[in-house]
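This is a predicted model, so every value here is computed, not measured. Note on naming: letters A, B, ... go to the chains in the order of the sequence lines (proteins, then strands), and numbering restarts at 1 for each one.
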Amino acid sequence: MARKILFQQAINEALDQEMARDSNVIVMGEDVIGGTGADGEMDAWGGVLGVTKGLYGKYGERIMDTPISESAFVGAAVGAAACGLRPVCELMFIDFLGVCFDQIYNQAAKFRYMFGGKAKTPIVIRTMIGAGFRAAAQHSQCLYPVFTHIPGLKVVIPSSPYEAKGLLIQAIRDDDPVIFCEHKALYAMEGEVPEESYTIPFGEANVVREGSDVTIVALARMVGFAEKAAAALAKDGISCEIIDPRTTSPLDEDTILESVENTGRLVVVDEASPRCGMAADIAALVAQKAFGALEAPIELVTPPHTPVPFSGVLEDLYIPGPARIEAAVRRIAEYA
Amino acid sequence: MARKILFQQAINEALDQEMARDSNVIVMGEDVIGGTGADGEMDAWGGVLGVTKGLYGKYGERIMDTPISESAFVGAAVGAAACGLRPVCELMFIDFLGVCFDQIYNQAAKFRYMFGGKAKTPIVIRTMIGAGFRAAAQHSQCLYPVFTHIPGLKVVIPSSPYEAKGLLIQAIRDDDPVIFCEHKALYAMEGEVPEESYTIPFGEANVVREGSDVTIVALARMVGFAEKAAAALAKDGISCEIIDPRTTSPLDEDTILESVENTGRLVVVDEASPRCGMAADIAALVAQKAFGALEAPIELVTPPHTPVPFSGVLEDLYIPGPARIEAAVRRIAEYA
Amino acid sequence: MALSREDLLEAYRRMKTIREFEERVHVEFAKGGIPGFVHLYAGEEASAAGVCMNLTDDDKIASTHRGHGHCIGKGVDVHGMMAEIFGKRTGTCRGKGGSMHIADLDTGMLGANGIVGGGPPLVCGAALAAKLKRTGGVAVAFFGDGASNQGTTFEAMNLATVWRLPAIFVAENNGYAEATAAKFSVSCEDISTRAAGFGMPGVTVDGHDFFAVYEAMREAVDRARNGGGPSLIEAKLDRFFGHFEGDNQNYRAPDEVKRIRAEKDCLQRFRARVASDIAAAELDAIDADVRKLIDDAVAQAIAAPDPLPEDLTTDVYIRY
Amino acid sequence: MALSREDLLEAYRRMKTIREFEERVHVEFAKGGIPGFVHLYAGEEASAAGVCMNLTDDDKIASTHRGHGHCIGKGVDVHGMMAEIFGKRTGTCRGKGGSMHIADLDTGMLGANGIVGGGPPLVCGAALAAKLKRTGGVAVAFFGDGASNQGTTFEAMNLATVWRLPAIFVAENNGYAEATAAKFSVSCEDISTRAAGFGMPGVTVDGHDFFAVYEAMREAVDRARNGGGPSLIEAKLDRFFGHFEGDNQNYRAPDEVKRIRAEKDCLQRFRARVASDIAAAELDAIDADVRKLIDDAVAQAIAAPDPLPEDLTTDVYIRY
Ligand SMILES: Cc1ncc(C[n+]2csc(CCOP(=O)(O)OP(=O)(O)O)c2C)c(N)n1
Ligand SMILES: Cc1ncc(C[n+]2csc(CCOP(=O)(O)OP(=O)(O)O)c2C)c(N)n1
Ligand SMILES: [Mg+2]
Ligand SMILES: [Mg+2]
């Protein structure tokens with residue numbers, strides 16, 4: 001029987017294996033150890049949700065707590081990357097990008113180009129995304145479209161423990177700056193994960209489910225919701241193909257386009273805000289490059305164009321769920 | 001004869017008239033006066049390109065130079081807006097949003113929603129966009145898709161002196177936070193502008209040119225390029241309708257959709273980076289809501305997914321120009 | 001201005017209300033009734049009260065993720081707050097903000113904030129509005145030791161001096177930013193040391209002592225109202241609970257919280273200090289009042305209706 | 001370590017090279033050959049040289065928009081720089097960066113920067129790499145008086161102390177950020193005052209005096225290399241030209257630049273100081289060398305080829 005572990009354990013394992021393999025890999029962030037300078041235990045938190053727990057005991061000075069000054073420590077990670085280290089830097093919630101964005105998109109992302117190819121900045125920024133925790137407007141955003149917009153950045157969004165480990169190892173070994181987005185609602189997801197280290201290449205989508213009537217493209221937590229919807233639709237004889245791009249930059253255009261060539265119908269599901277988001281990005285790709293195959297309007301399933309509300313009843317309405325995906329598929333499955 | 005003034009004069013006039021009309025309107029930014037604390041002249045610069053020149057003499061303490069600390073002064077503008085002022089705050093180049101983004105998207109944009117409708121933040125952030133000045137990767141970006149992605153923000157992008165004045169006055173009177181994007185290559189553009197004050201409502205596109213074969217949606221500097229392309233195409237009997245949305249948030253969906261209902265063909269031209277950009281956003285809208293009318297693939301005309309290069313020969317290739325627009329129109333005009 | 005007897009009773013009432021509110025939220029959270037992230041202010045009451053007793057409704061404050069105490073100190077309605085924390089439609093923010101985003105512009109409370117260091121720039125703006133509108137008002141930024149290292153906080157202090165704003169920066173140094181000790185993360189002994197680099201007076205006071213905070217704040221407010229510009233006050237104090245509800249606090253020494261509760265309780269200290277002027281029974285009566293108030297707030301919050309589905313898409317733009 | 005005769009000649013050569021480079025870029029810009037925004041360092045040479053004469057190729061610096069002097073000080077090839085400024089394929093960055101983005105990791109130059117305050121965080125990382133790899137290297141952040149108010153700069157100073165990094169912060173206070181006076185924008189008299197708030201030594205030196213900068217830097221480098229953590233050095237100096245080429249400088253007093261050139265020229269001061277040890281003719285010979293070098297660099301830059309169309313899309317990802 002293959003071993004099963006949690007999504008968050010898969011991330012921990014990826015970090016552990018890469019730190020063991022390459023002494024240039026370092027980890028930094030707020031409370032990634034926890035307890036620095038205090039009178040109680042060290043490694044008290046291991047990250048705000050425990051994801052980096054245990055690394056301090058093994059790697060000592062190669063994992064560092066930071067003051068709350070994201071510009072300084074993200075920038076430090078970028079500078080260290082330019083000087084030969086391979087920092088994995090934690091930006092606790094992606095919502096906080098606003099206090100350190102410059103170091104990411106004007107510095108890390110542009111060094112190589114501005115410097116005529118003479119620099120590399122192999123930094124990974126791990127960060128939590130997504131709603132569902134009643135964490136309200138400043139701790140629930142997705143925001144990866146903002147990073148996807150920036151040339152020079154790679155953006156990775158795992159949807160299962162298996163992808164989490166393989167993609168994170170790839171991210172650490174990758175020589176470009178990578179934004180690694182972890183949906184907090186997936187941390188407790190269990191799945192089969194090989195014990196040995198492995199990589200999943202960027203820009204290769206995962207065909208989560210094969211089908212012939214409608215293509216559903218979904219990311220992160222939405223992949224599971226799409227599977228639920230597809231299972232329900234299958235009972236009514238509607239066959240959905242589900243594609244998880246896994247990385248939004250680079251994007252595996254071919255797998256998406258081929259699927260739409262077969263099905264002629266596309267639903268894009270995205271938890272990010274709708275305007276200039278990933279749903280729009282993928283819809284535009286298909287409207288440009290697979291137009292001839294399209295037999296129905298493209299459906300975009302996203303939250304409304306509002307901040308994330310606190311109240312549970314509102315937040316549950318905010319998040320695109322299986323029912324909305326199912327309805328969208330039905331709408332275009334019937335279109336003629 | 002109607003009076004003609006430059007784009008940058010139109011902005012100055014809008015500021016002047018609104019400051020005269022409403023004492024709550026204030027202006028702040030780096031060197032919006034210029035010379036503060038120095039031994040030479042005051043109002044030495046009036047903004048880095050002279051756009052705010054002369055306001056200091058008229059409005060004294062209501063226009064303020066700032067230290068280089070965008071988070072502090074953009075945040076101050078937000079706080080002042082929440083307390084009854086109507087600040088027009090200058091973020092010199094949109095490229096600098098990374099050092100103050102939090103105050104814009106987590107604070108200004110979300111107050112009203114997070115606070116249950118009990119706050120308003122009538123702030124305008126004026127900022128320069130666009131390439132063409134050999135200003136390289138950190139002073140030439142468009143980046144408005146990043147703001148358009150954020151619920152709670154309005155994003156305005158004038159393409160002529162007339163729009164600049166009317167949209168800026170609207171922005172100042174608007175009770176929501178507005179990002180006002182000024183393409184620096186348009187500052188020297190001359191056009192007819194009424195002397196009296198007037199507003200152009202947000203979310204109402206301008207049909208720059210009427211036509212029946214292909215719809216071209218373009219923003220800012222791209223509007224003029226689209227006009228050039230359309231003029232050339234007209235000679236070959238291809239009739240283009242050009243739509244300038246003028247505001248990307250809110251977006252006038254109806255005018256775009258109606259046009260495509262008529263033409264059946266769409267080219268979207270955008271100077272912003274392609275991924276999760278405005279071209280994709282508008283293409284997705286049409287693929288979703290006007291699919292039935294579409295007779296050809298949607299063409300997206302954008303720069304490549306790279307930073308903006310310094311060298312003039314490269315930058316000229318980077319910027320989407322009339323020739324690329326023309327080629328895109330021809331491709332889909334001939335599609336059957 | 002010396003504190004009158006009424007002022008003292010009012011100060012005690014505010015501190016006690018905060019304490020009771022927080023102890024009760026702790027209990028209700030454990031019961032499962034309260035969603036999301038909740039950061040409790042218990043133990044730090046002397047700071048909120050000492051600061052806010054110097055302010056009027058025209059003055060503004062900006063708060064932090066640990067904002068309940070600042071709200072109550074500034075006079076935000078306790079029923080609305082409790083309902084908000086429960087996510088109900090009757091809440092201060094109609095259930096859309098929650099614990100981390102309570103704001104009430106009518107009482108001059110510009111908002112709790114989920115972003116560490118989010119408040120100080122906003123306060124510059126509030127102070128600027130007061131200055132340009134000549135209201136005589138001041139604006140106060142509360143922030144923690146952790147936030148004292150955030151760039152926004154430094155920038156705001158510089159700007160406040162440069163623009164000579166009636167702004168006051170109150171660093172609440174409770175020794176921790178989450179699980180990280182201030183001893184590690186703050187590069188100088190006292191946060192108030194930093195004031196000199198920003199051209200403003202700085203002082204460190206015992207944040208368990210209402211009177212110490214009150215006096216330091218009084219000076220700063222006088223200076224600000226008289227055009228003397230900003231000040232920095234550091235209050236050294238302790239939190240009774242974890243960083244957020246659910247924190248096991250293993251980074252703290254085993255008996256740390258017990259010792260703090262026993263030796264550094266600002267309410268006990270206040271009682272001792274006023275003992276000669278105010279009968280214990282009078283304070284006990286306030287205690288009883290407050291308990292009733294909080295009981296009532298919790299009961300109402302639990303009974304209150306959820307937001308309506310259509311609330312999801314309102315309040316995002318004034319006009320779109 | 002005292003400066004040898006060779007060191008002195010080398011220091012002079014670097015300063016003179018910077019001066020000549022900048023005076024020549026000024027001329028070429030006016031002729032129209034140089035595109036974009038160009039910020040000249042002339043007048044500030046003693047800072048770049050005084051700092052960099054303490055550094056080896058293993059040490060790193062991060063620079064600013066006004067970066068030519070730092071590049072030359074650190075040993076970046078002058079021909080490559082000039083070609084880059086002209087936007088040519090033979091440039092340091094193959095014409096893709098321009099004046100504001102010259103970088104050369106081989107000589108430890110982490111890049112000019114178009115973002116004010118962009119460099120100090122990067123320097124923390126370079127210093128961290130040196131520390132963890134135990135190279136004994138140090139990293140230096142150059143920044144202006146304007147940048148001294150940027151949050152990133154403050155945060156970086158705090159982080160450098162907290163992590164005890166071999167980092168040195170060099171504030172080049174030339175009195176202006178664009179057209180805004182430091183007297184207005186910096187909330188304290190000397191930027192070095194801010195060091196105390198970040199737990200590091202701070203000193204202000206005359207930035208027109210190579211020896212003053214050199215000595216302050218020597219102490220700071222010694223401390224850093226020996227595990228003593230970061231330092232802040234403020235060099236007070238002046239720029240000979242406007243903020244950027246095209247600036248009419250009307251915010252300056254009418255005779256300001258003339259006076260500065262006459263009284264505060266670091267090259268003249270250097271010559272006077274070494275007069276007893278080094279013959280003027282020896283320095284004159286360097287002057288002549290340098291002039292030839294720059295003539296040659298300009299000639300080559302003008303003759304060099306533009307980038308190729310395919311260069312537009314290379315160098316953005318290592319592998320996509
Ligand atoms: C920009 C940002 N970074 C990190 C966080 C996560 N976070 C929330 S509270 C906190 C600690 C704050 O410490 P301090 O300022 O001392 O306030 P205290 O919690 O002690 O009241 C952190 C790191 C955040 N909310 N925002
Ligand atoms: C974040 C950011 N804000 C503003 C600017 C525009 N700008 C470029 S240089 C400059 C002045 C910098 O002053 P200072 O740090 O003193 O350096 P100096 O030019 O005097 O060398 C400004 C405001 C910028 N490039 N980046
Ligand atoms: Mg704290
Ligand atoms: Mg300067």
Q: Considering only heavy atoms, which portion of D:Ile85 lies under 4.5 Å from any heavy atom of chain B: side chain, backbone, both, or neither?
A: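 Just the backbone, heavy atoms under 4.5 Å.
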
Q: Checking side-chain polar atoms at under 3.5 Å, does D:Asp104 have a donor or acceptor matched by the opposite partner on D:Thr92?
A: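 There is no such pair between these side chains.
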
Q: Would you mind telling me which of B:Gln138, B:Arg134, B:Met42, B:Glu315 has the largest number of heavy-atom pairs within less than 4.5 Å of chain D?
A: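 Most heavy-atom pairs under 4.5 Å with chain D: B:Gln138.
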
Q: Is any NZ, NE, NH1 or NH2 atom of the basic residue among D:Arg259 and D:Glu256 found under 4.0 Å from an Asp or Glu carboxylate oxygen of the other?
A: no

Q: Quick check for you: among B:Phe310, B:Tyr318, B:Phe96, B:Phe93, which has the greatest number of heavy-atom pairs under 4.5 Å with chain D?
A: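 That would be B:Phe310.
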
Q: Quick check on the interface: out of B:Asp39, B:Val313, B:Thr36, who has the most heavy-atom pairs with chain D under 4.5 Å?
A: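 Option with the greatest count: B:Thr36.
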
Q: Do D:Arg261 and D:Asp238 sit within salt-bridge range, that is, some charged N less than 4.0 Å from a carboxylate O?
A: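 A salt bridge is absent here (no side-chain N lies under 4.0 Å from a carboxylate O).
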
Q: Looking at D:Gln150, D:Arg94, D:Lys183, D:Arg252, which makes the most heavy-atom pairs under 4.5 Å with chain B?
A: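 Greatest number of close heavy-atom pairs with chain B: D:Gln150.
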
Q: Considering only heavy atoms and a distance below 4.5 Å, find which of D:Asp315, D:Leu308, D:Asp247, D:Thr152 pairs most often with chain B.
A: D:Asp247

Q: What I want to check is whether the side chains of B:Glu30 and B:Thr66 have a donor and an acceptor closer together than 3.5 Å.
A: no

Q: Is it the case that the side chains of B:Glu271 and B:Tyr144 hold a donor-acceptor pair, with the cut-off being a distance below 3.5 Å and no angle test?
A: no

Q: Would you say the side-chain atoms of B:Asp16 and B:Tyr59 include a donor-acceptor pair closer than 3.5 Å?
A: yes

Q: Contact part of D:Tyr320 toward chain B, heavy-atom cut-off under 4.5 Å: side chain, backbone, both or neither?
A: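 The answer is the side chain of D:Tyr320.
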
